Asker: 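Dropping the structure in here first, questions after.
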Amino acid sequence: MSRRVLLSWSSGKDSAWTLHMLRKDPDVEVIGLLTTVNTTHGRVAMHSTRLAIVEAQARAVGLPLHVIPLPWPCSNEVYERAMREAIEDGLKNGATHVAFGDLFLEDIRAYRIKQLEGSGLEPLFPIWHEPTEPLARRMIDAGVEAVVTCVDPRKLSRSFAGRKFDHAFLDDLPQGIDPCGENGEFHTCVLAGPMFRERLRATVGKVLERDGFCFADLVPDAAVVDAQEAANNALQRTGSAGR
């Protein structure tokens, strides 16, 4: 029986590579992307990717995007309620599994598994325990183009924010920094790769420090900005209706 999979989509390289791996499995059908979005700012948390870019990514990979709107700040209770609703919707759409791009953090994996217990959906971790140095190099060699959109300055210099995720970036990482940023050192947004049908166009804007992190604003083309404004308005209406 084919597994019908929803993919947890952060906009970054690990979730994009997970999609690439899932599509290599003849017994898997990826039926959609799940993304949590801050309704106040219209962005993916931590990655700070604009919703319009995430929507463009979904079009580029040819999959429906299921946005899970979250308020800011967001309690764990509110987050888990929103996820339960998304799981219920997934079941109605025939999903059997949810896939995640986690690599080696055992506590995160355990949390994902607990969230899905008794839900009717099973978790998948297609790139779990992949050695991160060769994995990062393999992504780049396969054509993954990504921008570093968030840096934790307690672990990595602010100067890395806004850089391309490429071999030069990996070569410049200080000792002890995970090449995939799995310990939260940095986060990325993917603009191209073997999982995309077309390359997305965006430029790096200002780098700002907020809530203890450094964020590089990835600005899409003007047409996509218009879509962002419309998406923000829709998200704010959704958030208002839920209060």
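Quantities reported herein were computed from a predicted structural model and do not represent experimental measurements. In this chain, residues are counted from 1 in sequence order.
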Asker: Answer whether the closest heavy-atom distance between the side chains of Val151 and Arg158 falls below 4.5 Å.
Answerer: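 Counting from C-beta outward, Val151 and Arg158 never come under 4.5 Å.
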Asker: Check Ala161 against Ala216 and note the closest heavy-atom contact, atom names and distance.
Answerer: C-CB, 4.0 Å
Asker: Regarding His97 and Arg4, do their side chains bring together a donor and an acceptor under 3.5 Å, going by distance alone?
Answerer: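 No, because no side-chain N or O of His97 sits under 3.5 Å from a partner of the opposite role on Arg4.
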Asker: Do the side chains of Leu116 and Ile87 get nearer than 4.5 Å, heavy atoms only?
Answerer: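 They are in side-chain contact.
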Asker: Classify the ring geometry of Phe160 against Phe169: parallel below 30°, tilted from 30° to 60°, perpendicular beyond 60°.
Answerer: perpendicular
Asker: Tell me whether the guanidinium CZ or amine NZ of Arg210 lies under 6.0 angstrom from the six-membered ring centre of Phe215 and within 45° of its axis.
Answerer: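 That pair qualifies as a cation-pi contact.
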Asker: Could you pull out the closest heavy-atom pair between Leu121 and Val98, with the gap in Å?
Answerer: CD1-CG2, 3.7 Å
Asker: Stepwise, does the salt bridge (charged side-chain N to carboxylate O under 4.0 Å, His left out) test hold for Asp89 with Arg84?
Answerer: CA-CA 9 Å; Asp89 288 342; Arg84 284 195 298 270; over 6 Å; no
Asker: Considering only NZ, NE, NH1 and NH2 on the basic side and carboxylate oxygens on the acidic side, decide whether Asp152 and Arg154 come within less than 4.0 Å.
Answerer: yes
Asker: Is there a salt bridge (charged side-chain N to carboxylate O under 4.0 Å, His left out) between Glu133 and Arg137? Walk through the geometry before answering.
Answerer: CA-CA 6 Å; Glu133 169 71 21; Arg137 302 282 182 183; 2.9 Å; yes
Asker: Is the terminal nitrogen or CZ of Lys13 (NZ for Lys, CZ for Arg) located under 6.0 angstrom from the six-membered ring centre of Phe165 and within 45° of that ring's axis?
Answerer: yes
Asker: Would you give the length of the straight line joining atom CE of Met139 to atom CG of Asp14, rounded to the nearest 0.5 angstrom?
Answerer: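 Spacing of CE (Met139) from CG (Asp14) equals 4.5 Å.
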Asker: Please report the closest heavy-atom contact between Glu185 and Asn183, naming both atoms and the distance.
Answerer: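 Closest approach of Glu185 to Asn183, heavy atoms only: OE1-N, 3.0 Å.
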Asker: Could you tell me the separation between the OG1 atom of Thr18 and the CG atom of Leu103, rounded to the nearest 0.5 Å?
Answerer: 7.5 Å
Asker: Please find the pair of heavy atoms, one from Val190 and one from Gly12, that lie closest to each other, and give the distance.
Answerer: CG2-C, 3.5 Å
Asker: About how many Å separate CG of Leu208 and CG of Asp217, when rounded to the nearest 0.5 Å?
Answerer: 7.5 Å
Asker: Kindly check if the number of other-residue, nucleotide or ligand heavy atoms within 6.0 Å of CD (Glu106) is above 12?
Answerer: yes
Asker: CZ/Phe104 to NE2/His129 distance, rounded to the nearest 0.5 angstrom?
Answerer: 9.0 Å
Asker: I'd like to check Leu34 versus Ile68 (side-chain heavy atoms, cut-off strictly below 4.5 Å). Are they in contact?
Answerer: yes
Asker: Looking only at heavy atoms, which two atoms of Trp9 and Ser15 are closest? And how far apart?
Answerer: CZ3-O, 3.7 Å
Asker: Measure the spacing between OG1 of Thr188 and CG of Leu218 and express it to the nearest 0.5 Å.
Answerer: 10.5 Å
Asker: Do Arg109 and Phe125 meet the cation-pi criteria used here (NZ or CZ under 6.0 Å from the six-membered ring centre, within 45° of the axis)?
Answerer: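 Yes, cation above the ring, under 6.0 Å and within 45°.
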Asker: Decide salt bridge (charged side-chain N to carboxylate O under 4.0 Å, His left out) for Glu145 and Arg199; before the verdict, give the C-alpha distance in whole Å, the side-chain angles of both, and the deciding distance to 0.1 Å.
Answerer: CA-CA 9 Å; Glu145 296 179 28; Arg199 188 187 187 283; 2.8 Å; yes
Asker: Is it true that atom NZ of Lys155 has more than 12 heavy atoms of other residues, nucleotides or ligands lying nearer than 6.0 Å?
Answerer: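 Yes.
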Asker: In terms of side-chain heavy atoms, does Ser2 have a donor or acceptor partner in Asp27 at a distance below 3.5 Å?
Answerer: no
Asker: If hydrophobic clusters are built from ILVMFWY residues whose side chains come within less than 4.5 Å, do Met21 and Val61 share one?
Answerer: yes
Asker: If we count only N and O atoms by modelled type, under 3.5 Å, do the side chains of Glu130 and Trp17 hold a donor and an acceptor together?
Answerer: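 The criterion, which ignores hydrogens and geometry beyond distance, is not satisfied for Trp17 and Glu130.
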Asker: Going from CG on Leu191 to CD on Glu198, what distance comes out if it is rounded to the nearest 0.5 angstrom?
Answerer: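 Between Leu191 CG and Glu198 CD, I get 12.0 Å after rounding to 0.5 Å.
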